[in-house]
Amino acid sequence: MKKLQNYINGKFQAPVLGKYIENFDPSKGVVFSLIPDSDAEDVSLATEAAKAAFPKWSTMTLNERSEILLRLSKGIEDRMDEFVAAESLDNGKPVSLARQVDIPRAVSNLSFFATAILHFASESHYMEGVGVNYTTRKPIGVVGCISPWNLPLYLFTWKIAPALATGNCVVAKPSEITPYSAYLLSEVAMAAGLPPGVLNIVHGLGASAGDAIVKHPDIKAVSFTGGTATGAYIARTAGPMFKKLSLELGGKNPNIIFADCDFEDMLSTTVRSSFANQGQICLCGSRIFIERTIYDKFKTAFVEKVSRMKVGNPSDPSTKQGAVVSKGHMEKVLSYIALAEEEGGTILTGGNQVILDAPHDNGYYIAPTIIEGLPFDCRTNQEEIFGPVVTLCPFDTEEEALMMANATQYGLAATVWTTNLKKAHRMADEIHAGIVWVNSWLVRDLRTPFGGVKASGVGREGGWEALKFFTEPKNIFIKS
Ligand code: NAD
């Protein structure tokens, strides 16, 4: 059985205590590899390596750093099939999705920041007759990057690319549930000539390896994506150490559909925005609000389309819904479906675990599920489920739709469907979210700010925001 290793100081290293965790293939429910169960000692070794690498890496020319990062990007692209297979095997997502979305996006995250850094300008502020201020932006030093399991390499590279491009050295931890593509990235980093210690990848559990990154005094900033409760813990722990924090957390995104929308475009996009990656994308719209005059028409068409989605083995090209990521997560999602029924909801389609034929009969499959008849403020409509489950709720006025959309602790993303431009602007302006899509979903421009408000996070990733996060500004004034 494959035994993954940490990538520390430019080479593979076994965890100091020699302990390993089982890594499951969710499509079959079987263990397929072992990963290091690292602890504070491994994080210390990684941090020492990063500290030693920092003086040289941070003072390289921008062109030199850029070229190395471009080689990393190319290295993933050259091994596309292997990365695609690894991501699907680890996560349960359809191979087709990993090929269209996850791995190409990891490639472009690296090439985007490798070239963005060449255009990163600092500010100057001229004071007539007084002097001039200029602001330098230097890398922070050693930074920590901690990522979740839903878009493993995509979100891992979304953090490490800007961190490295700005001249920091990194101690990174992928999710223990989906470590495989980050392990392959270590191989790519070695082949690409990334200097030892610049990027260190430590595998292990959140409570041990992750916690050690958050607490290490020499790791000066932490970029974290994951659940809101974990984010709160990290903020409590790292706050008193005055670490710079970027927290990208959970969501419960509204998808607001007005009667004057382009119905066919809305319908096919809403199937994707509800169920892509088995609903395990932080940006999925899990609460669908529909103007009452088209509620029945929408419900009939949506249920018909969703009930025809093929739940199947992720490597079958006709599969639309693969496995959810773990047994524990499957049980959590099914418990929310049971809760929805207790709260008075009606299941229109799905609602059950799906048992496939052998050898996938122990995999973690859930039929895409649509529920109606629930009040907007019940637990099902308030808590993040993060699976293939959406609720439908009618509304009569813009004010009512906004009130319900904003009535959660979260504020990550929202979608609005209308052909009325003024209404689109009004809604987009008033929705509590860091990202609003009008007549679309998941259209991403890597230059734009990415992140949420309220319990969905603190800070923004993407474009200049990420380059600013990973640098420390210093203002220098010169009297004229
Ligand atoms: P999680 O919080 O359980 O884990 C995320 C990462 O943090 C993992 O690597 C984990 O090992 C680590 N971790 C766990 N406990 C830790 C601790 N005490 N200290 C340090 N690190 C710790 O989240 P998850 O279940 O892996 O991911 C799902 C969540 O991520 C959902 O809530 C989803 O909405 C959120 N998410 C948010 C975004 C976004 O951009 N806002 C994107 C993707 C996923």
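Source: prediction; values computed, not measured.
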Is any side-chain N of the basic residue among Arg79 and Glu187 closer than 4.0 Å to the acidic one's carboxylate O? yes

Check whether Ser326 reaches the backbone of His329 with its side chain - one donor and one acceptor, N or O, closer than 3.5 Å. yes

Distance, nearest 0.5 Å, that separates OG of Ser223 from CD of Glu461: 4.5 Å

Exam field: side chain Lys454 to backbone Thr408, donor-acceptor pair closer than 3.5 Å: yes

If you apply the rule salt bridge (Lys or Arg N to Asp or Glu O under 4.0 Å), what do you find for Glu383 with Lys332, and how did you get there? CA-CA 12 Å; Glu383 297 176 16; Lys332 175 190 149 183; over 6 Å; no

For a 4.5 angstrom cut-off between non-hydrogen side-chain atoms, does Pro26 reach Asn91? no

Got a donor-acceptor contact below 3.5 angstrom from the Asn109 side chain to the Tyr154 backbone? yes

How about NZ on Lys74, more than 12 heavy atoms from neighbouring residues, nucleotides or ligands closer than 6.0 Å, or not? no

Starting at CG of Leu267, measure out to CZ of Arg272 and round the result to the nearest 0.5 Å. 12.5 Å

Can you tell me if Glu384 uses its side chain to pair, donor with acceptor, with the backbone of Gly251 under 3.5 Å? yes

Check this for me: does any side-chain nitrogen of one of Lys327 and Glu331 sit under 4.0 Å from a carboxylate oxygen of the other? yes

Hey, could you give me the CG/OG1 distance between Asp211 and Thr237, rounded to the nearest 0.5 Å? 6.5 Å

Does the distance from a Lys or Arg side-chain N to an Asp or Glu carboxylate O, for Asp81 and Arg99, drop under 4.0 Å? yes

Donor on one side chain, acceptor on other, Asp218 and Thr47, under 3.5 Å: no

Salt-bridge present (Glu123, Arg137; N to O < 4.0 Å): yes

Which pairs count as ring pair (Phe, Tyr, Trp, His ring centres under 6.0 Å) when at least one residue sits in residues 159-204, sequence neighbours excluded? Phe12-Tyr183, Phe32-Tyr180

Between Phe386 and Trp149, does the ring centroid distance fall short of 6.0 Å? yes

Flag if over 12 foreign heavy atoms under 6.0 Å of CZ, Arg447: no

Shortest non-hydrogen contact from Pro148 toward Leu155: CG-CD1, 3.7 Å

Less than 4.5 Å apart, any side-chain heavy atom of Ser66 and any of Leu70? yes

Start with the C-alpha distance between Ile366 and Leu334, add both sets of side-chain angles, then the distance that settles side-chain contact (heavy atoms from CB on, under 4.5 Å), and finish with yes or no. CA-CA 8 Å; Ile366 299 176; Leu334 292 171; 4.3 Å; yes

Evaluate the criterion side-chain contact (heavy atoms from CB on, under 4.5 Å) for residue pair Val143 and Lys220; output intermediate values, then yes/no. CA-CA 6 Å; Val143 300; Lys220 301 293 183 194; 5.7 Å; no

Over all heavy atoms of both residues, which pair between Gly285 and Val390 is shortest? Give the atoms and the distance, please. O-CG1, 3.6 Å

Between Leu4 and Tyr20, is any pair of side-chain heavy atoms under 4.5 Å apart? no

Check whether any side-chain N or O of Asn277 sits under 3.5 Å from a backbone N or O of Asn150 as a donor-acceptor pair, and report yes or no. yes

Heavy-atom nearest pair, Ala323 first then Gln278, reads O-NE2, 3.2 Å

Tell me, do Val389 and Val333 make a side-chain contact under 4.5 Å, heavy atoms counted? yes

Any side-chain donor-acceptor pair under 3.5 Å between Asp90 and Asn23? yes

Is a side-chain donor or acceptor of Thr269 paired with a backbone partner of Met266 at a separation under 3.5 angstrom? no

Got Ile288 and Phe302 here, is their nearest side-chain heavy-atom distance under 4.5 Å? yes

Check whether any side-chain N or O of Ser108 sits under 3.5 Å from a backbone N or O of Arg105 as a donor-acceptor pair, and report yes or no. yes

Judged by modelled atom types alone, do Ser315 and Asn313 share a side-chain donor-acceptor pair under 3.5 Å? yes

Please identify each residue that fulfils ring-ring contact (aromatic ring centres under 6.0 Å, His included) with His432, with sequence neighbours left out. none

Determine which pairs satisfy ring pair (Phe, Tyr, Trp, His ring centres under 6.0 Å) with at least one residue from residues 85-116, sequence neighbours left out, and list them in order. Phe113-Trp158

Mark yes when over 12 heavy atoms from residues, nucleotides or ligands other than Lys243 sit less than 6.0 Å from its NZ; otherwise mark no. yes

All heavy atoms of Val271 vs all of Lys305, minimum pair found to be CG2-CD, 3.8 Å

What distance do Lys19 atom NZ and Ser208 atom OG have between them, rounded to the nearest 0.5 Å? 7.5 Å

The test is side-chain contact (heavy atoms from CB on, under 4.5 Å); show your working for Glu248 and Phe450 and say whether it passes. CA-CA 9 Å; Glu248 300 295 339; Phe450 179 91; 4.2 Å; yes

Does Ser38 use its side chain to pair, donor to acceptor, with the backbone of Pro15 at less than 3.5 Å? no

Interatomic distance, CG@Leu89 vs NZ@Lys2, rounded to 0.5 Å, equals 11.5 Å

Would you check if the side chain of Ser456 reaches a backbone N or O of Gly250 as a donor-acceptor pair within less than 3.5 Å? yes

Quick one: closest heavy-atom pair of Val306 and Pro368, and the distance? CG1-CB, 3.7 Å

Evaluate the side-chain proximity of Ile21 to Leu34: yes if any heavy-atom separation is below 4.5 Å, no if none is. no

Quick one: does any side-chain atom of Arg65 pair with a main-chain N or O of Trp57 as donor and acceptor, under 3.5 Å? yes

Value rounded to 0.5 Å, distance of CD1 in Ile257 from OG1 in Thr415: 9.0 Å

Side chains of Thr225 and Lys159 only: does a donor on one sit below 3.5 Å from an acceptor on the other? yes

Lys244 charged N/C atom sitting above Phe469 aromatic ring, 6.0 Å / 45°: yes

Ser58 and Pro139, any side-chain heavy atoms less than 4.5 Å apart: yes

Lys310, NZ: over 12 other non-hydrogen atoms inside 6.0 angstrom: yes

Looking at every non-hydrogen atom in both residues, tell me the closest pair between Pro152 and Lys93 and how far apart they are. CD-NZ, 4.1 Å

Using a strict cut-off of less than 4.0 Å between a Lys/Arg side-chain nitrogen and an Asp/Glu carboxylate oxygen, indicate whether Lys51 and Glu48 qualify as a salt bridge. yes

Within the 4.5 Å heavy-atom criterion, are Thr471 and Ile140 side-chain neighbours or not? no

Worked verdict on Ile281 versus Phe275 for side-chain contact (heavy atoms from CB on, under 4.5 Å): CA-CA 9 Å; Ile281 299 182; Phe275 298 112; over 6 Å; no

